[in-house]
K.L.:
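Mind looking over this structure? Questions follow.
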There are 2 protein chains.
Amino acid sequence: MDLNIAACQIEVSPGHPDENTRKIIRHIEEAKAKGDDIVVFPEMAVPGYIIGDEWQNKAFVTDCYRYNEQIVESSEGIVVVWGNVDINKDAAGEDGRIRKLNTAFAAQNGKMVGKFHKTLHPNYREFEDDRHFYSARKLSADKDIAIEDFLQPLQVDINGEQRTIGITLCEDMWSDDYAADPIQILLSKGAECIINISCSPWTWRKNDKRHRVVKDRLKNHSAPLIYVNNIGIQNNGKNVYLFDGDTTVYNPNGSVRKVAEDYKEEVLRVPLNGDHQEGQKKPALSANKDNEELLEGLIYGIQQFFELINASKVVIGISGGVDSSLSAYLLCRALGADNVYAVNMPSKFNSDITKGLAQELAETLHLNYAIVPIQKAFDYTVQQFENTEFTRLDGSGQTTELPLNSLVRENIQARDRGSRIIAGIASALGAVFVNNGNKSETATGYATIYGDINGALAPIADLYKTEVYDLCRHINSIEDENIFPDKLFDIPASAELSDKQNIENGEGDPFVYPYHDQLLKAFIEFRLDPEDILSYYRDGSLEEKLGIEPGLVSQIFDSHQDFIKDLEHTWTLFKTNYFKRIQSPPIIVVSKRAFGFDLRESQIGVHFTHRYGEIKEKLLKEI
Amino acid sequence: MDLNIAACQIEVSPGHPDENTRKIIRHIEEAKAKGDDIVVFPEMAVPGYIIGDEWQNKAFVTDCYRYNEQIVESSEGIVVVWGNVDINKDAAGEDGRIRKLNTAFAAQNGKMVGKFHKTLHPNYREFEDDRHFYSARKLSADKDIAIEDFLQPLQVDINGEQRTIGITLCEDMWSDDYAADPIQILLSKGAECIINISCSPWTWRKNDKRHRVVKDRLKNHSAPLIYVNNIGIQNNGKNVYLFDGDTTVYNPNGSVRKVAEDYKEEVLRVPLNGDHQEGQKKPALSANKDNEELLEGLIYGIQQFFELINASKVVIGISGGVDSSLSAYLLCRALGADNVYAVNMPSKFNSDITKGLAQELAETLHLNYAIVPIQKAFDYTVQQFENTEFTRLDGSGQTTELPLNSLVRENIQARDRGSRIIAGIASALGAVFVNNGNKSETATGYATIYGDINGALAPIADLYKTEVYDLCRHINSIEDENIFPDKLFDIPASAELSDKQNIENGEGDPFVYPYHDQLLKAFIEFRLDPEDILSYYRDGSLEEKLGIEPGLVSQIFDSHQDFIKDLEHTWTLFKTNYFKRIQSPPIIVVSKRAFGFDLRESQIGVHFTHRYGEIKEKLLKEI
């Protein structure tokens, strides 16, 4: 007989097992009513997954574990598979604490009928399974049993027939870089299908990669595979991860049969061996699809984050530049324009053009708007500093004055905006405020700490400047009217904090974004070193390797020396400005590697490899 | 023949293999000149250990690995043992990147004679070995060889004799919670001594714990053990770890034979089988020793951190309260009073008492001092906000004013101090500034973000308020004159931001520190839950469990209801104020668990376990 499977793509609230369990039980009841044979929930559906060291709170973990009882009780007449933490009170973890295992539980007719511990533990990016959990691999090694013998499928009687089902957790499916392949093992033991429960965040083009991986896993043994993922957001403080769900039923050959809608709670109901037509596969990749996914993810992430922190109103500074314009648009979409309070804070350095653009945007978006100038407060601070001197109290009476150079004055303006006005207004309104920084400035520290780097959330800090422009263009293309006026794309990007940043004279940021964004991406996301960049430059492959326009590099740099100087400067900015990132707000992750706990950094200063020095020496001799 | 061993306690500069290698080679030359047979350096002495995801920079890792060549070359006539990263280009790590191993290398006479990969990988607190490295355990499992057969001692010919030396790395020695015991394995294979190279940060009373662990490791097989650790600081951004060295030669029975001085570069030279007298063991533990170690560590940490970020001058706000007073003292000790610029920033709420205390401290410490009032700037901001309104630009013309309640006004003052004045002065002086927050306020969020939570470093943020007082008393006891006047200990701790915090009326912080500090410590360091606290309270063991004065709890709380209300309030403060810690500065770690990457948190809101609810219900019925 065929099996009716219900794959439940639910929103999981991390750290709230009571809420999650109530939701799971509601879905079990519904599945029973609909006559399903098996109902499946995501990995760690009870506790949530990314909850930091709350895993070390034994009472919390025990609490999560105990919610299993309610789920088991509700399994009368159905098989339930769900993710939760398993605990072993008789054996310690390697940290000496209570041993915990990332586990898929299976229950039927009021009884627990199986437990399947995660075999492969990811320990990269935001993942740190080995920090918290004991793997099936360690269990099998402790018992001196080969992992091939240790892993067993679920054997269960459904409607009088013995069924064999392979149950895996998330990374178990992504086994390419590991010494074990759990899906192969389970299929070779007769599993008629594979269930993979996951808690797998959206990342750029990951769903397409998963489709390829599944095909590969099933190429030797054909069998349907049911991938069940949650929606919602989960965070590790510095990073907010988006869970799109994308719960998928695969045909035995690995082609896609049915996919749940992104970021929506949905139950996929399929007869396991029903008609295996190709169905509902999403449109193929395109630059547009990337932007669509990006936009959808950012809006969802903002919405969910505000819900998480119990906030509805938001304050945002809008300068008339592209970053704050994009932020304001996203906030209006996510929270409603009535909840968005935008403030323009001009000084004498702000041009009529950008002041006009800010006003125009505010009108287009229908938000709440105020103009709060900073000039008087700035002048007062300058005057107060000019009248301040330190006296050495060692009897020498030696005094020190406060020299106010241009950079000092720029920073005073930025901090006046960020810490005096925006933070003050947010606190007065009982609102929070967000940060408008993009990834290019976050990477290079081209922002004032306690000025521009404030905020409860950094919604666009994982987008390079060029991507900010791209997304704005995309938004214009999908909205009925242009949200972002053409002029916004024409003026130079500028902080407008001094005469040297006067856009009316064509002055702006000290970056050639089409080049520097790709260079930064190479450092951040591809983990390349100046040594790699310089060697590509030397062998003429740099533009191809970075994916930039041919000819751009020689257009920007007059000589090898120029190129090297800029490379070392950019690397030095990237490494030394980490001190600002330490104190920056949470970032919504939309790239292959975001600043925060995703890319973990250390204040170690700047190092150039020995080989870098050799290549540089050779290049400089070539001139 | 006896073996002359030189254990080199060097300062390692993380991320700078060139500098570290130069230092290693200097020490090898010196050891050769002194006739040593074996010269030993710490774990990861070439690259440093806590360097974040710089481990994923393949060029950097390869650069580190290549410095091995120079060390091998310099090993003519001596055995050199040192820590570095090993790479295997033919096999990937589980993250798909180049495989890296945390390794002890051994060279002699210009040849590599052995490689010993770390077997036990710590993945708790700041440690994340499995994120970056492939362990000997995984290698042995891949080859289907039991770890007992896989691990082998170094076999080496010294002065014509075959010697057998067990080489281990750091955690390999701390094997209690693991399934393998590398030291036992090596001793059972005839190792005549154990070398353990470590990169092990100072933590409270860890050295004493290590002495006990070594005794335990050697209880079945007697053999000398040489523990070689580095000095310096290493950081993961959010946390600065202190490396005290404490390089130790142990007698075959595990008793201490010789210990290097803390935080000093030093070479311990011992004939391996020389006279095994007990020697130089440090004085036994005492409350005073704890304070001495704490003071030494904090001063060293500040010094090293300023060196790391290339800063010499520091700005600090001093309020006349105990936290800023301690900070100012530590900075003067670490950097010299001539480099410390203290600023007092009174408003109308600051009492003459604290203003006087600030002045007095500045005079005692002989630092550079200025008084910069905030009242006018504050009044201007209030006036500007009172004249500001938002207009809804949807045609409705709806307006929103800015209501300024007391908390809003308090926060404006704090931000004026932190972001306008201190940050501005630091930037004008080309200095950095530090944060004066303690652990109690960091835990409860009793501080204004972008106000008090600013700074390049938080030197005392790992000390609870009661520990701040203790350390101040200790400092008074060791200095010729009282640094901190008696009055400082008499006045209530207060933020002095409103009439309700008037110390002249005895008003102050809303905490009973002797109780709340221990409660917070239970949450943070012992990872306890409100469920645990409430169950201790109910069975009468709470004061004993928290180590607080008998009777204190009933003195503070009038009823079960009062106790519960405060418990839930404190837990809620702790959990919800994490958003401030996300943006707080690096903390010097001196406790069993510091905020940052040591205690990893997630914004998950507040949860109370089911069992907590049951205990609460019973308690409330008891009234």
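In what follows, chains carry the letters A, B, and so on, assigned in the order in which the sequence lines appear, proteins first and then strands, with residues in each chain numbered from 1. Below, all heavy atoms of this structure are taken into account, side chains as well, without hydrogens, waters or symmetry copies.
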K.L.:
Quick one: which of A:P14, A:S396, A:A146 has the most heavy-atom pairs under 4.5 Å with chain B, could you say?
P.N.:
A:P14
K.L.:
Please flag which part of A:D95 lies under 4.5 Å from any non-hydrogen atom of chain B: side chain, backbone, both or neither.
P.N.:
both
K.L.:
Is it the side chain or the backbone of B:N411 that comes within 4.5 Å of chain A heavy atoms, both, or neither?
P.N.:
side chain
K.L.:
Would you mind telling me which of B:N236, B:T364, B:D338 has the largest number of heavy-atom pairs within less than 4.5 Å of chain A?
P.N.:
B:D338
K.L.:
Can you tell me if B:R527 uses its side chain to pair, donor with acceptor, with the backbone of B:F523 under 3.5 Å?
P.N.:
yes
K.L.:
Select, from B:G424, B:G48, B:A179, B:G52, the one with the greatest count of heavy-atom pairs under 4.5 Å involving chain A.
P.N.:
B:G424
K.L.:
Among B:R125, B:E389, B:R66, single out the residue with the greatest number of heavy-atom pairs under 4.5 Å to chain A.
P.N.:
B:R125
K.L.:
Quick one: do A:R420 and A:F378 satisfy side-chain contact (heavy atoms from CB on, under 4.5 Å)? Show the steps, please.
P.N.:
CA-CA 11 Å; A:R420 189 177 68 88; A:F378 171 75; over 6 Å; no
K.L.:
Under 4.5 Å heavy-atom distance to chain A, tell me which part of B:T391 shows up: side chain, backbone, both or neither.
P.N.:
both
K.L.:
Can you tell which part of A:L404 gets under 4.5 Å to a heavy atom of chain B, answering side chain, backbone, both or neither?
P.N.:
side chain
K.L.:
So does B:H610 get a backbone contact from the side chain of A:D63, meaning a donor-acceptor N/O pair under 3.5 Å?
P.N.:
yes
K.L.:
Given a strict heavy-atom distance threshold of 4.5 Å, which part of A:R415 is in contact with chain B: side chain, backbone, both, or neither?
P.N.:
side chain
K.L.:
Check whether any side-chain heavy atom of B:V315 sits under 4.5 Å from a side-chain heavy atom of B:L429, and report yes or no.
P.N.:
yes
K.L.:
Sort A:P373 into side chain, backbone, both or neither according to what part of it lies under 4.5 angstrom from a heavy atom of chain B.
P.N.:
both
K.L.:
Who among A:T388, A:D394, A:N368 has the most heavy-atom pairs with chain B under 4.5 Å?
P.N.:
A:N368
K.L.:
Pick one of side chain, backbone, both or neither for B:E54, based on which atoms fall under 4.5 Å of a heavy atom in chain A.
P.N.:
both
K.L.:
Side chain, backbone, both or neither: which part of A:E401 has an atom under 4.5 Å from a heavy atom of chain B?
P.N.:
backbone
K.L.:
Do the non-hydrogen side-chain atoms of A:Y369 and A:E363 ever get within less than 4.5 Å of each other?
P.N.:
no
K.L.:
Where does B:E128 contact chain A at under 4.5 Å (heavy atoms): side chain, backbone, both or neither?
P.N.:
side chain
K.L.:
Quick one: of B:T400, B:I412, B:D416, who has the most non-hydrogen atom pairs under 4.5 Å with chain A?
P.N.:
B:T400
K.L.:
Measure B:F385 against the heavy atoms of chain A and call it side chain, backbone, both or neither at under 4.5 Å.
P.N.:
side chain
K.L.:
Where the side chain of A:K238 meets the backbone of B:I582, is there a donor-acceptor pair that is under 3.5 Å apart?
P.N.:
yes
K.L.:
Between A:V240 and chain B, with a heavy-atom cut-off of 4.5 Å, which part of the residue counts as in contact: side chain, backbone, both or neither?
P.N.:
neither
K.L.:
Counting heavy-atom pairs closer than 4.5 Å to chain B, which one of A:G605, A:A377, A:A92 comes out on top?
P.N.:
A:A377
K.L.:
Flag the pair B:E94 and A:R137 as a salt bridge only when some basic side-chain nitrogen lies within less than 4.0 angstrom of an acidic carboxylate oxygen.
P.N.:
yes
K.L.:
Please look at A:R409 and chain B and tell me whether the side chain, the backbone, both or neither of the residue comes under 4.5 angstrom of a heavy atom of that chain.
P.N.:
neither
K.L.:
Do you know which of B:N454, B:N239, B:V408, B:L599 has the most heavy-atom pairs with chain A at a distance under 4.5 angstrom?
P.N.:
B:N454
K.L.:
Check whether any side-chain heavy atom of A:S602 lies under 4.5 Å from a side-chain heavy atom of B:Y49, and answer yes or no.
P.N.:
no
K.L.:
Looking at B:R97 and A:D177, does any basic side-chain N land under 4.0 Å from a carboxylate oxygen?
P.N.:
no
K.L.:
Let me know if B:V606 has heavy atoms under 4.5 Å from chain A in its side chain, its backbone, both or neither.
P.N.:
backbone
K.L.:
Quick one: what part of A:S584 sits under 4.5 Å from any heavy atom of chain B, side chain, backbone, both or neither?
P.N.:
backbone
K.L.:
Counting heavy-atom pairs under 4.5 Å to chain A, which of B:N235, B:D529, B:T399 comes out on top?
P.N.:
B:N235
K.L.:
What option among A:W174, A:Y578, A:F608 has the most heavy-atom pairs under 4.5 Å with chain B?
P.N.:
A:Y578
K.L.:
Side chain, backbone, both or neither: which part of B:F127 has a non-hydrogen atom closer than 4.5 Å to chain A?
P.N.:
backbone
K.L.:
Mind checking whether A:E171 and A:D129 have side chains closer than 4.5 Å, heavy atoms only?
P.N.:
no
K.L.:
Let me know if A:Y341 has heavy atoms under 4.5 Å from chain B in its side chain, its backbone, both or neither.
P.N.:
both
K.L.:
Examine distances only and state if a side-chain atom of A:T609 and a backbone atom of A:Y612 form a donor-acceptor pair shorter than 3.5 Å.
P.N.:
yes
K.L.:
Stepwise, does the side-chain contact (heavy atoms from CB on, under 4.5 Å) test hold for A:F579 with B:V432?
P.N.:
CA-CA 12 Å; A:F579 82 94; B:V432 299; over 6 Å; no
K.L.:
Ignoring hydrogens and geometry, is there a side-chain-to-backbone donor-acceptor pair from A:R593 to A:D598 under 3.5 Å?
P.N.:
yes
K.L.:
Does A:G395 offer a backbone N or O that forms a donor-acceptor pair with the side chain of B:H366 under 3.5 Å?
P.N.:
no
K.L.:
I'd like to know which of A:R581, A:Q384, A:E601, A:H121 tops the heavy-atom pair count under 4.5 Å against chain B.
P.N.:
A:Q384
K.L.:
Select, from A:D142, A:D18, A:I147, the one with the greatest count of heavy-atom pairs under 4.5 Å involving chain B.
P.N.:
A:D18
K.L.:
Quick check against the 3.5 Å criterion: does A:Y450 have a side-chain atom that pairs as donor or acceptor with the backbone of B:G455?
P.N.:
yes
K.L.:
With a 4.5 angstrom heavy-atom cut-off, which part of A:D532 approaches chain B: side chain, backbone, both or neither?
P.N.:
side chain
K.L.:
Select one option (side chain, backbone, both, neither) describing which atoms of A:F305 are under 4.5 Å from chain B's heavy atoms.
P.N.:
side chain
K.L.:
For A:I453, which atoms come within 4.5 Å of any heavy atom of chain B: side chain, backbone, both, or neither?
P.N.:
backbone
K.L.:
Do B:P47 and B:Y67 come close enough that some side-chain heavy atom pair is under 4.5 Å?
P.N.:
no
K.L.:
Taking B:N123 for its side chain and B:D130 for its backbone only, find out whether a donor-acceptor pair lies under 3.5 Å.
P.N.:
yes
K.L.:
What part of B:A141 lies closer than 4.5 angstrom to a heavy atom of chain A: side chain, backbone, both or neither?
P.N.:
neither
K.L.:
Counting only N and O atoms by type, is there a donor-acceptor contact under 3.5 Å from the side chain of A:W55 to the main-chain atoms of A:I50?
P.N.:
no
K.L.:
So B:I604 and A:Q234, do their side chains get closer than 4.5 Å, heavy atoms only?
P.N.:
no
K.L.:
Between A:A342 and chain B, with a heavy-atom cut-off of 4.5 Å, which part of the residue counts as in contact: side chain, backbone, both or neither?
P.N.:
backbone
K.L.:
Below 4.5 Å from any heavy atom of chain B, which atoms of A:L367 appear? Answer side chain, backbone, both or neither.
P.N.:
backbone
